[in-house]
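Model, not experiment: these values are computed from the prediction.
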There are 4 protein chains.
Amino acid sequence: MRAVSEELCKPLPAEDYVVQSMPDVSPPKWHLAHETWFFETFILVQECDGYQPFHPKYAYLFNSYYEGAGPRHPRTERGLLSRPTVEEVYRYRAHVDEAMGALIEEADEAAWRRIDPLLTIGLNHEQQHQELFLYDLKHILGINPLKPAYRDDLPVSNAEAAKFEWLDFAGGIYVVGHDGEGFAFDNERPDHRELLEDFRLGSCLVTNGAYLEFIDAGGYDAPEYWLSDGWASAKRAPWEAPLYWERVEGEWWIMTLAGFQRLNPDEPVCHVSFYEAEAYARWRGKRLPAEAEWEVAAAGVEPEGNFVESGFLHPVPAGAGNGGLRQMFGDVWEWTQSPYAPYPGFAPLAGTVGEYNGKFMCNQMVLRGGACVTPRDHIRATYRNFFYPDQRWQFAGIRLAESVG
Amino acid sequence: MRAVSEELCKPLPAEDYVVQSMPDVSPPKWHLAHETWFFETFILVQECDGYQPFHPKYAYLFNSYYEGAGPRHPRTERGLLSRPTVEEVYRYRAHVDEAMGALIEEADEAAWRRIDPLLTIGLNHEQQHQELFLYDLKHILGINPLKPAYRDDLPVSNAEAAKFEWLDFAGGIYVVGHDGEGFAFDNERPDHRELLEDFRLGSCLVTNGAYLEFIDAGGYDAPEYWLSDGWASAKRAPWEAPLYWERVEGEWWIMTLAGFQRLNPDEPVCHVSFYEAEAYARWRGKRLPAEAEWEVAAAGVEPEGNFVESGFLHPVPAGAGNGGLRQMFGDVWEWTQSPYAPYPGFAPLAGTVGEYNGKFMCNQMVLRGGACVTPRDHIRATYRNFFYPDQRWQFAGIRLAESVG
Amino acid sequence: MRAVSEELCKPLPAEDYVVQSMPDVSPPKWHLAHETWFFETFILVQECDGYQPFHPKYAYLFNSYYEGAGPRHPRTERGLLSRPTVEEVYRYRAHVDEAMGALIEEADEAAWRRIDPLLTIGLNHEQQHQELFLYDLKHILGINPLKPAYRDDLPVSNAEAAKFEWLDFAGGIYVVGHDGEGFAFDNERPDHRELLEDFRLGSCLVTNGAYLEFIDAGGYDAPEYWLSDGWASAKRAPWEAPLYWERVEGEWWIMTLAGFQRLNPDEPVCHVSFYEAEAYARWRGKRLPAEAEWEVAAAGVEPEGNFVESGFLHPVPAGAGNGGLRQMFGDVWEWTQSPYAPYPGFAPLAGTVGEYNGKFMCNQMVLRGGACVTPRDHIRATYRNFFYPDQRWQFAGIRLAESVG
Amino acid sequence: MRAVSEELCKPLPAEDYVVQSMPDVSPPKWHLAHETWFFETFILVQECDGYQPFHPKYAYLFNSYYEGAGPRHPRTERGLLSRPTVEEVYRYRAHVDEAMGALIEEADEAAWRRIDPLLTIGLNHEQQHQELFLYDLKHILGINPLKPAYRDDLPVSNAEAAKFEWLDFAGGIYVVGHDGEGFAFDNERPDHRELLEDFRLGSCLVTNGAYLEFIDAGGYDAPEYWLSDGWASAKRAPWEAPLYWERVEGEWWIMTLAGFQRLNPDEPVCHVSFYEAEAYARWRGKRLPAEAEWEVAAAGVEPEGNFVESGFLHPVPAGAGNGGLRQMFGDVWEWTQSPYAPYPGFAPLAGTVGEYNGKFMCNQMVLRGGACVTPRDHIRATYRNFFYPDQRWQFAGIRLAESVG
């Protein structure tokens with residue numbers, strides 16, 4: 001899994017590793033170093049007697065947000081650092097990987113019981129940063145007037161959009177959240193009961209073509225469909241379409257990891273904020289799913305789809321199918337109407353690593369299902385992702401829902 | 001009810017009517033005019049043939065946030081307007097009151113069916129601004145180095161703090177929200193089922209004395225108790241105590257509407273943000289109530305307490321009592337852990353007045369129970385107030401909750 | 001002179017005294033109090049044994065920028081203070097006037113030698129604030145959508161524009177600056193020699209009509225005429241005409257202290273920044289005068305003109321005349337090309353009052369000649385006014401110059 | 001000369017080419033490309049029929065501030081561009097160099113008369129950017145917590161500070177400015193007469209040791225020595241010493257292009273703003289030289305000193321000597337008291353290249369003499385450099401002056 005992070009970076013010239021194109025973005029070399037810092041800080045420094053950190057300043061440079069792990073370099077200034085060089089960062093990775101290998105080899109059972117859960121978190125953390133790396137790289141390339149591609153050899157889907165249907169789900173008392181079998185993040189736990197009323201979900205994701213109808217109907221100029229804070233965000237920017245959309249001589253084009261391309265109306269709409277998703281749904285007279293509704297519906301669906309392993313690195317049309325729920329996993333993260341909040345009885349992990357998820361449970365919205373840049377084995381039906389409602393650089397899209405009766 | 005707004009302003013010199021001490025605050029004369037604009041815009045202009053607005057620019061100056069009602073003066077610049085003078089604003093009020101009186105007198109039944117609901121909203125709206133006026137005036141006087149009192153003749157309570165107890169409530173499926181009998185805001189509707197697990201509530205509000213323990217224990221310097229966004233707010237300001245607290249030669253003093261006074265540890269703590277309330281609860285190993293828990297618990301309590309009519313204009317100690325829930329209504333708004341979101345099936349009012357509540361259902365937290373500056377007949381057990389989690393100038397405090405088992 | 005300040009305020013309702021419409025503006029009641037603080041701080045506190053300041057917080061509230069006089073209320077927050085009320089400020093003035101009267105009465109010769117220069121400065125300081133008050137009040141009323149007049153009874157000039165001529169002045173070594181006879185500010189001293197080459201000055205001020213040609217020729221969209229910092233200011237704002245100009249249905253109107261009025265092309269252009277003045281001159285192929293050129297030319301001119309005593313409170317057309325330099329004094333301050341810098345051998349006054357002028361000798365430009373809101377006896381040919389090059393709310397206009405040969 | 005720019009970059013890893021550590025800084029690869037754009041835009045595009053720009057977007061990306069050359073990438077976002085890569089930039093340079101070579105080869109006399117002056121400006125422009133590159137690189141490395149050296153092999157001077165003397169210069173009418181023989185920038189012309197009174201200059205630059213006395217005497221906490229805008233800058237930052245100074249365990253260290261080093265008190269103080277230079281001089285009871293004084297004094301001095309060719313890339317102690325003016329050229333740019341303004345009769349170059357100097361003649365101060373990072377043949381006694389008074393990242397220091405009699 002550590003190799004995957006490096007594999008993803010292979011197409012990059014050194015210059016691409018350095019840039020922070022906006023505060024939400026981190027330079028690729030920062031990701032590579034921070035993933036490594038995680039193992040060094042939470043495992044090696046704790047478990048290896050006499051372990052010498054690779055560099056005395058790296059704890060400062062590559063701590064992301066852990067108050068318990070000491071002071072850190074300001075997040076907004078990650079792109080001001082030309083050093084360490086990419087090469088030095090790779091040396092850092094090799095150093096820590098070696099030390100981790102030795103530690104694992106030598107661990108007795110007692111040590112392993114301490115190391116194993118942190119190792120698992122560390123690997124899941126690494127996967128999250130592999131995904132973030134692709135968000136960030138797309139942004140770094142996307143804001144560049146030269147509009148360079150990450151890779152020229154990415155496959156393209158020829159599929160068409162699926163036919164949209166409404167699918168019914170019965171209300172009732174459901175158990176949602178993770179039951180503790182196998183790995184899950186603390187924010188998915190504990191499982192607990194939720195009362196749902198009858199609801200419907202759209203069978204597939206909202207497409208670019210459907211979303212264009214909203215744009216063409218003046219949705220971005222119609223405050224009546226927007227939350228107040230969303231309207232303020234939209235006017236401030238200003239927003240006239242999803243992120244990475246650009247009108248060139250009357251035609252819509254979009255930036256992708258394969259470069260600048262003509263918009264395909266059959267693909268799922270992507271890079272919309274919660275505010276846009278919510279406004280779109282309201283304009284349709286519908287709403288977004290609650291996260292519990294999504295989870296209950298997803299419980300019967302195999303967690304397969306267009307994940308990073310499919311190689312598109314872009315959402316693809318659903319294609320013809322046999323009905324039922326489509327695209328629940330992969331393609332784009334699906335905004336829900338649910339604010340990111342602790343489940344009843346939620347307890348963060350002990351120690352500094354407990355800052356991982358819990359302290360962000362305010363002002364953000366839950367997204368479900370994973371995206372075309374997510375590793376497939378990283379996702380579960382109970383997985384809770386979360387972003388601020390105005391963020392758009394992550395691969396996020398829309399599934400409609402409605403109440404019944 | 002219109003007279004109450006003017007009565008509240010009577011102690012003010014003209015200068016106090018003009019100032020906007022921070023963006024959240026509106027100048028008192030703006031409140032007086034905006035309340036009036038509400039009736040003019042949503043009733044008189046619609047219902048009275050040939051009604052001439054009092055002044056052609058007032059629709060621009062006194063629209064608060066209704067996109068559907070046309071362009072408006074920027075919120076942050078309300079304090080830059082010396083005109084209209086206070087006297088002109090009172091003439092505006094008299095003009096609209098007269099026109100409203102005539103309209104009501106002459107309304108036939110069909111007209112009355114249209115006017116009555118808007119009139120009721122207009123009066124509830126006026127009450128909300130009476131309360132906001134007291135928040136804002138306290139801030140205007142509170143940031144002034146001269147620390148003037150609003151009134152010198154306010155009563156003072158001699159009560160002591162009540163004894164704190166934990167009170168148990170059984171889980172189950174409850175109906176919460178307003179059932180439609182009598183007036184309620186759209187955001188309280190529709191009533192709907194919620195599943196609650198067993199829970200406990202503190203019998204009374206957290207006192208200044210209890211909160212001081214958090215301060216003295218270094219709570220404002222301990223990031224482990226804070227949400228990430230909360231910690232950022234606390235450090236940015238920076239916060240070292242609730243709003244209006246000031247340490248003078250080692251003693252805590254607070255600003256009140258009766259002037260600058262020594263802190264009474266028996267009073268409920270007030271002017272805390274959601275972030276502070278949440279950090280306090282976490283430091284105690286507890287949590288804040290969910291809004292449904294609060295509403296279920298409040299259902300058995302008479303909606304009486306220290307409201308604006310009691311004249312304290314300040315939260316008062318609970319005093320000895322016969323046990324059970326105390327201070328559920330009045331004194332301070334109680335922060336809940338619930339993000340402000342639409343109830344299942346929520347539909348805003350039709351037309352521009354539908355912007356009243358619904359468009360704010362994001363990024364804010366629900367508070368319950370009313371405060372010492374709230375009109376008593378304005379409050380219900382189902383009433384949902386909402387503020388951003390970093391706001392502190394409203395009269396907001398803390399009741400603890402915990403889960404059971 | 002103290003009475004003049006109060007006389008100027010007479011037409012104001014209390015509300016007008018409170019507002020700070022932008023950071024450069026001070027509320028009228030702040031001016032009234034600050035003028036008084038000047039006498040209290042620099043004379044009464046020093047000279048009167050046992051003098052009790054009127055209020056212990058006023059030294060904090062009404063210190064403008066004197067670091068040596070202790071901490072002070074932030075300049076940008078002067079409009080957040082509803083108290084002290086206007087009435088209290090007038091009581092403060094009366095208190096200090098009385099104490100000053102007593103002090104002057106009782107002063108022996110030694111005391112008088114100390115008091116007299118400070119008293120003179122204090123009175124000149126008061127005059128400067130009388131002028132600033134009119135700038136500030138015009139801004140307070142000018143940004144108000146209701147566009148109220150300060151007074152309805154101001155006279156209007158029927159004069160026409162003078163005929164423009166170029167007037168020649170011979171170069172040589174001149175003595176400029178104040179020779180020390182009678183009062184002058186420290187920044188006018190010492191007198192010193194300057195070498196000038198032959199130059200020409202325009203006989204009268206640039207008129208609105210002439211300036212309109214610049215606007216109509218696209219001057220505000222032509223970066224080639226602008227200083228780089230000026231262009232940035234112009235685009236940031238953005239500027240499309242002088243301050244207070246507004247196009248209403250194709251016609252230019254301007255705000256004046258007599259209210260909103262149709263532009264008179266014969267009046268001198270007013271409320272331009274240095275950047276606009278410089279761009280205008282460059283567009284004409286000319287330049288602004290150096291301050292020494294202006295002073296040498298003004299030496300032969302009687303210091304008379306449209307000052308505050310004429311009652312227009314607005315620049316007026318020059319009218320027909322007998323040739324020669326017109327409008328050198330009064331009407332509008334004339335931007336020069338000279339950065340505000342110390343004269344050779346400049347020494348500020350001793351003590352805290354030395355902060356009056358010297359510390360501002362950077363980043364500002366010199367203006368000469370006084371304006372229609374300046375007291376006539378406040379002005380001399382050597383008088384140096386100074387503003388930042390982007391400031392426009394002062395009554396500033398343009399006289400053209402050119403080099404010869 | 002083009003090769004020098006590339007030679008200077010040789011020690012850099014690709015990562016160092018990308019970063020913009022503050023708005024004033026440009027990434028090294030931007031300098032390399034912009035220098036090239038200058039020749040392409042002002043010569044090749046004008047003179048070569050059918051010349052194809054290397055890349056259609058480079059005119060947008062690498063225009064610095066020429067309004068006449070079309071729209072441009074925002075200056076503050078230069079560090080957000082990972083592409084073009086360093087390698088592509090070098091290809092751009094080679095492409096343009098080749099085209100320039102061919103153009104020069106083929107130019108007939110008429111063409112050469114057009115090309116030659118632009119070529120000379122282009123080469124002087126390239127030299128300015130070589131110097132800016134060293135400012136910027138020092139900043140990029142200096143803000144990095146790892147404090148890397150640009151080069152490890154830079155020589156170190158063992159000289160000591162010279163003995164300070166006051167040197168007298170007689171007043172009179174002098175001709176200053178460039179007389180047109182050989183190359184000079186437009187801002188040095190025309191030569192013209194200036195009247196100077198008798199003055200004195202310090203024989204050598206202010207040293208770190210002398211400046212430390214100002215720091216140790218509390219100069220950074222004493223507003224009485226500072227200009228008002230300077231004090232605001234100093235408190236905002238806040239400044240407690242020159243840029244790149246850091247106190248480590250009670251000792252002062254500084255960042256240099258050779259890495260982080262202990263402060264040498266004998267070296268000239270460097271990286272001070274005009275505000276600090278002016279405050280230091282005032283604290284000493286002296287002043288800064290006027291630019292004409294400096295030029296008159298420098299007229300008798302050979303333009304030799306510690307320039308970039310000496311290889312120190314750092315100011316060095318003056319060493320013992322035979323008296324007279326020392327360090328007038330090289331080491332550090334010397335702040336003067338003169339605002340950067342046009343000389344009488346100044347006319348910018350015709351066309352877009354006329355934006356080179358003239359439009360910056362406001363709000364900046366003149367510096368004289370060149371620095372240890374300036375090419376020796378770039379400097380003349382008449383050379384006028386200019387920076388904003390709060391800028392510190394350029395190699396700027398202090399020479400004292402005083403008036404006589």
Side-chain angles (χ1 to χ4, degrees), chain A residues 9 11-25 27-30 32-33 54-63 71-74 76-90 92 136-150 255 259-260, chain D residues 9 11-25 27-30 32-33 54-63 71-74 76-90 92 136-150 255 259-260:
Chain A
C9 288
L12 307 189
E15 293 86 341
D16 286 349
Y17 283 89
V18 179
V19 165
Q20 180 176 35
S21 50
M22 67 164 173
D24 286 336
V25 163
K29 70 180 172 119
W30 188 91
L32 292 175
F54 180 74
H55 192 290
K57 291 271 189 191
Y58 282 14
Y60 174 80
L61 288 177
F62 299 120
N63 177 3
R72 60 191 186 280
H73 194 250
T76 53
E77 300 180 11
R78 289 178 187 165
L80 306 188
L81 301 178
S82 61
R83 314 289 180 92
T85 61
V86 173
E87 196 197 321
E88 282 163 76
V89 168
Y90 279 115
Y92 178 37
D136 290 359
L137 181 67
K138 184 168 180 176
H139 196 264
I140 290 166
L141 301 176
I143 59 133
N144 194 306
L146 304 175
K147 298 217 179 304
Y150 163 53
M255 183 67 184
F260 200 51
Chain D
C9 289
L12 307 188
E15 293 86 342
D16 286 349
Y17 283 88
V18 179
V19 165
Q20 180 175 35
S21 51
M22 67 165 173
D24 286 334
V25 163
K29 70 179 172 118
W30 188 91
L32 292 176
F54 181 73
H55 191 292
K57 292 273 189 189
Y58 282 14
Y60 174 80
L61 288 177
F62 300 120
N63 177 3
R72 61 191 186 281
H73 194 249
T76 53
E77 300 181 11
R78 290 178 187 164
L80 306 188
L81 301 178
S82 62
R83 314 290 181 94
T85 61
V86 173
E87 195 196 322
E88 284 163 76
V89 168
Y90 279 115
Y92 178 37
D136 291 358
L137 181 67
K138 184 168 180 177
H139 196 265
I140 290 166
L141 301 177
I143 60 134
N144 193 306
L146 303 177
K147 299 220 180 301
Y150 163 51
M255 184 65 185
F260 199 52

For Leu61(D), is it the side chain, the backbone, both, or neither that has a heavy atom closer than 4.5 Å to a heavy atom of chain A?
side chain
Measuring from Arg83(A):CZ to Asn144(D):CG, what's the distance to the nearest 0.5 Å?
7.5 Å
Heavy atoms of other groups near Lys57(D) NZ, more than 12 under 6.0 Å
no
Less than 4.5 Å to any heavy atom of chain A: does that hold for the side chain of Tyr17(D), its backbone, both, or neither?
neither
For Leu80(A), enumerate each residue passing the side-chain contact (heavy atoms from CB on, under 4.5 Å) test, keeping only those at least two apart in sequence or located in another chain.
Glu77(A), Ile143(D)
Once side-chain contact (heavy atoms from CB on, under 4.5 Å) is applied, do any residues pair with Asn63(A), and if so which ones, sequence neighbours excluded?
Trp37(A), Tyr66(A), Ala69(A), Arg72(A)
Heavy-atom distances under 4.5 Å only: say whether Val18(A) touches chain D with side chain, backbone, both or neither.
side chain
Measuring heavy-atom distances to chain A, does Pro56(D) have an atom under 4.5 Å in its side chain, in its backbone, in both, or in neither?
neither
Chain A contact via Leu81(D) - side chain, backbone, both or neither, heavy atoms under 4.5 Å:
both
Contacting moiety of Pro145(A), where chain D heavy atoms sit under 4.5 Å
both
Could you look at Pro84(A) and say if it's the side chain, the backbone, both or neither that has a heavy atom under 4.5 Å from chain D?
both
Top contributor to chain D interface from Leu12(A), Asp16(A), Val25(A) [non-hydrogen pairs under 4.5 Å]:
Asp16(A)
Return the CD to CD distance between Glu15(D) and Glu87(A), rounded to the nearest 0.5 Å.
8.5 Å
Checked Gly79(A), Pro27(A), Ala14(A), Pro13(A) vs chain D; the most non-hydrogen pairs under 4.5 Å come from Pro13(A)
Shortest non-hydrogen contact from Ile140(D) to Ser82(A)?
CG2-OG, 3.8 Å
